Asks: 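Here it is: the structure, laid out below.
Keep in mind that what you see is a predicted model, and the values were worked out from it rather than measured.
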Amino acid sequence: MEKVAVISDIHGNLTALEAVLENIRERGIDTIFCLGDLIGKGPNSRKAVERIKEICEVVLLGNWDDFMQKPLDFEEGQWHQKQLGEEALAYLSTLPFHHDFYMSGKYVRLYHASAKSIYHRVVPMRDSHEEKLAMFENTENINAGEEGRTPDVVGYGDIHAALIEPIHPQKTLFNTGSVGNSLDIPQATYSILHGKYLSKEPAAFSIEIVRVPYDIEKEIAIAGEMGMPNLDAYALELREAKYRGAPKKV
């Protein structure tokens with residue numbers, strides 16, 4: 001059995017990223033895929049980009065990776081752009097939309113948010129069966145190759161909440177969670193695919209969700225020392241796994 005680590009949504013949190021990479025090393029995993037959103041929210045976007053370039057075989061485009069390339073008129077966005085620099089931003093502009101491969105006879109597709117767009121959010125806990133089935137479609141963003149096959153397994157990031165859900169008929173949807181900005185549990189999260197990598201022959205296949213504790217207070221302190229704007233919102237998300245834009249309960 002081989003293992004593929006799938007990480008996503010680092011968001012400039014180098015403390016969480018290094019904790020996850022250490023866990024991946026301890027498990028003897030050499031193949032790592034990243035599903036985007038390397039940058040923003042956390043203080044070390046440029047270093048996160050550099051690290052991901054070093055260790056990931058595949059890196060996909062996320063919504064933050066895309067919109068940070070555009071002119072921004074708010075302080076936090078401009079701070080992250082300045083911290084990134086031209087070289088990192090240029091690298092982000094080259095990232096592909098999706099990655100397809102076989103594993104244990106299953107056709108697996110990975111992307112950041114949905115088959116429709118890096119900005120189209122699908123939350124399985126609330127969205128319809130039809131919306132989830134659409135995650136497996138071949139859209140204009142997908143190069144499905146000559147066979148035009150639709151995937152048996154789809155993995156994505158974006159919502160910062162890990163899950164594995166069987167989708168009738170005979171499909172599997174999984175979210176790999178967030179390394180640097182988890183919003184379901186205050187720990188770094190990633191996933192591992194177990195099976196025969198690149199094999200079209202049916203064999204055992206499984207998906208594992210991994211939670212990794214890391215020094216959240218250290219990360220918040222780093223952001224403070226660097227003068228990152230909107231620090232309180234970042235600290236709330238890391239400490240309590242609560243989205244800064246969530247409506248407040250009355």
Side-chain angles (χ1 to χ4, degrees), residues 7-21 32-56 58-97 111-113 117-121 156-161 176-183 186-190 214-246:
I7 66 176
S8 190
D9 296 87
I10 292 86
H11 283 295
N13 184 340
L14 201 64
T15 311
L17 177 60
E18 291 298 349
V20 163
L21 294 181
I32 308 174
F33 297 159
C34 178
L35 308 191
D37 274 9
L38 287 62
I39 64 173
K41 290 198 170 189
N44 275 305
S45 290
R46 180 178 56 80
K47 289 182 179 180
V49 170
E50 292 170 354
R51 198 75 177 93
I52 291 298
K53 285 173 68 176
E54 287 175 0
I55 52 91
C56 288
V58 171
V59 185
L60 304 180
L61 181 69
N63 54 301
W64 277 74
D65 308 320
D66 182 65
F67 84 72
M68 277 290 172
Q69 300 173 43
K70 308 176 190 303
L72 301 177
D73 60 359
F74 61 101
E75 181 189 12
E76 185 178 2
Q78 292 173 343
W79 188 91
H80 287 298
Q81 285 178 326
K82 183 178 180 180
Q83 199 268 342
L84 274 161
E86 292 182 6
E87 185 177 341
L89 286 167
Y91 167 73
L92 295 173
S93 71
T94 69
L95 299 180
F97 182 85
Y111 47 62
H112 180 69
S117 167
I118 55 174
Y119 294 100
H120 178 245
R121 182 154 293 158
Y156 73 117
D158 186 56
I159 63 172
H160 299 204
T176 193
S178 171
V179 168
N181 193 240
S182 181
L183 296 176
Q187 294 183 345
T189 305
Y190 75 103
Y214 70 99
D215 194 338
I216 289 173
E217 295 308 316
K218 175 185 174 182
E219 174 63 18
I220 294 169
I222 290 170
E225 290 165 5
M226 293 177 65
M228 190 183 79
N230 216 6
L231 179 61
D232 288 346
Y234 184 57
L236 173 71
E237 290 183 336
L238 296 195
R239 287 175 178 146
E240 301 184 35
K242 292 182 179 178
Y243 177 49
R244 66 185 72 183

Asks: Considering all heavy atoms of both residues, which atom of Phe97 and which atom of Tyr111 are nearest to each other, and what is their separation?
Replies: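 Nearest heavy atoms, Phe97 then Tyr111: O-CB, 3.5 Å.
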
Asks: Enumerate donor-acceptor pairs with a distance under 3.5 Å from any side-chain N or O in residues 218-227 to protein atoms, sequence neighbours excluded.
Replies:
| unit_1 | atom_1 | unit_2 | atom_2 | d |
| --- | --- | --- | --- | --- |
| Glu219 | OE1 | Thr15 | OG1 | 2.6 |
| Glu219 | OE2 | Tyr234 | OH | 2.8 |

Asks: Rounded to the nearest 0.5 Å, what separates atom CG in Leu183 from atom CG in Leu238?
Replies: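 Answer rounded to 0.5 Å: 9.0 Å.
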
Asks: Between Ile7 and Leu17, does a side-chain contact (heavy atoms from CB on, under 4.5 Å) hold up when you go through it step by step?
Replies: CA-CA 9 Å; Ile7 66 176; Leu17 177 60; 4.2 Å; yes

Asks: For a side-chain contact (heavy atoms from CB on, under 4.5 Å) check, start with the C-alpha distance between Ser8 and His112, then their side-chain angles and the critical distance, and finish with the verdict.
Replies: CA-CA 8 Å; Ser8 190; His112 180 69; 4.1 Å; yes

Asks: Looking at every heavy atom in both Gln83 and Arg46, which two are closest together, and how far apart are they?
Replies: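 Heavy-atom minimum between the residues: OE1-N, 3.2 Å.
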
Asks: Is there side-chain contact between Asn44 and Arg51, with at least one heavy-atom pair below 4.5 Å?
Replies: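 When only atoms from C-beta onward are counted, Arg51 and Asn44 do not touch, as no gap falls below 4.5 Å.
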
Asks: Mind listing the side-chain donor-acceptor pairs of residues 85-95 below 3.5 Å, one per line with the distance, residues two or more places apart or on another chain?
Replies:
| unit_1 | atom_1 | unit_2 | atom_2 | d |
| --- | --- | --- | --- | --- |
| Ser93 | OG | Ala90 | O | 2.5 |
| Thr94 | OG1 | Tyr91 | O | 2.6 |

Asks: Run the side-chain contact (heavy atoms from CB on, under 4.5 Å) check on Ser178 and Asp37 step by step: do they pass?
Replies: CA-CA 9 Å; Ser178 171; Asp37 274 9; over 6 Å; no

Asks: To the nearest 0.5 Å, what is the distance between CD1 on Ile55 and SG on Cys34?
Replies: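 Taking CD1 in Ile55 and SG in Cys34, the distance rounds to 7.5 Å.
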
Asks: Can you tell me how far apart OH (Tyr243) and CD1 (Ile159) are? Round to the nearest 0.5 Å.
Replies: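 Between atom OH of Tyr243 and atom CD1 of Ile159 there are 13.0 Å.
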
Asks: Determine whether a donor-acceptor pair (N or O, by modelled atom type, separation under 3.5 Å) exists between the side chain of Thr176 and the backbone of Tyr190.
Replies: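 Here the side-chain-to-backbone pair does not exist.
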
Asks: Does a side-chain heavy-atom distance below 4.5 Å link His160 with His11?
Replies: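 When only atoms from C-beta onward are counted, His11 and His160 do touch, with a gap below 4.5 Å.
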
Asks: Nearest heavy-atom pair of Ala113 and His120: which atoms, and what distance?
Replies: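 Closest approach of Ala113 to His120: CB-O, 3.5 Å.
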
Asks: Find the distance between NZ (Lys41) and NE2 (His80) and round it off to the nearest 0.5 Å.
Replies: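 Between Lys41 NZ and His80 NE2, I get 9.5 Å after rounding to 0.5 Å.
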
Asks: Determine whether Asp65 and Ile39 satisfy the following criterion, side-chain contact (heavy atoms from CB on, under 4.5 Å), listing intermediate values before the conclusion.
Replies: CA-CA 6 Å; Asp65 308 320; Ile39 64 173; 3.6 Å; yes

Asks: Would a 4.5 Å heavy-atom cut-off, applied to side chains only, mark Leu60 and Ile118 as touching?
Replies: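 No, too far: nothing below the 4.5 Å cut-off.
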
Asks: So which atom in Gly12 and which in Ala48 form the shortest heavy-atom distance, rounded to 0.1 Å?
Replies: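 In terms of heavy atoms, the two residues are closest at CA-CB, 4.2 Å.
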
Asks: Output yes when Lys53 and Glu50 qualify as a salt bridge under the 4.0 Å nitrogen-oxygen rule, no when they do not.
Replies: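 A salt bridge is absent here (no side-chain N lies under 4.0 Å from a carboxylate O).
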
Asks: Output all residues satisfying side-chain hydrogen bond (donor to acceptor under 3.5 Å, both in side chains) with Asn13, sequence neighbours left out; order by chain, then residue number.
Replies: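 Scan of Asn13 (side-chain hydrogen bond (donor to acceptor under 3.5 Å, both in side chains), adjacent residues dropped) gives Tyr214.
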
Asks: Looking only at heavy atoms, which two atoms of Ala16 and Gly180 are closest? And how far apart?
Replies: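 For Ala16 versus Gly180, the nearest heavy atoms are CB-CA, 4.0 Å.
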
Asks: If you measure from CG on Asp9 to OH on Tyr156, what distance do you get to the nearest 0.5 Å?
Replies: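 Result: 11.0 Å between the selected atoms.
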
Asks: Would you find a donor on one side and an acceptor on the other, under 3.5 Å apart, between the side chain of Gln187 and the backbone of Ser182?
Replies: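 No, because the side chain of Gln187 does not come within donor-acceptor range (under 3.5 Å) of the backbone of Ser182.
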
Asks: How far apart are the closest heavy atoms of Gln78 and Leu72, and which atoms are they?
Replies: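 Between these two residues, the closest heavy atoms are NE2-O, 2.8 Å.
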
Asks: Less than 4.5 Å apart, side chain to side chain, heavy atoms only: is that true for Asp66 and Tyr119?
Replies: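 Yes, close enough: below the 4.5 Å cut-off.
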
Asks: Measure the CG-CD distance between Asn181 and Glu237 for me, rounded to the nearest 0.5 Å.
Replies: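 If I round to the nearest 0.5 Å, the distance is 4.5 Å.
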
Asks: In plain terms, say whether Glu217 and Arg239 are close enough for a salt bridge, that is, a side-chain N and a carboxylate O under 4.0 Å apart.
Replies: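 Counted as a salt bridge, because a side-chain N and a carboxylate O are separated by less than 4.0 Å.
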
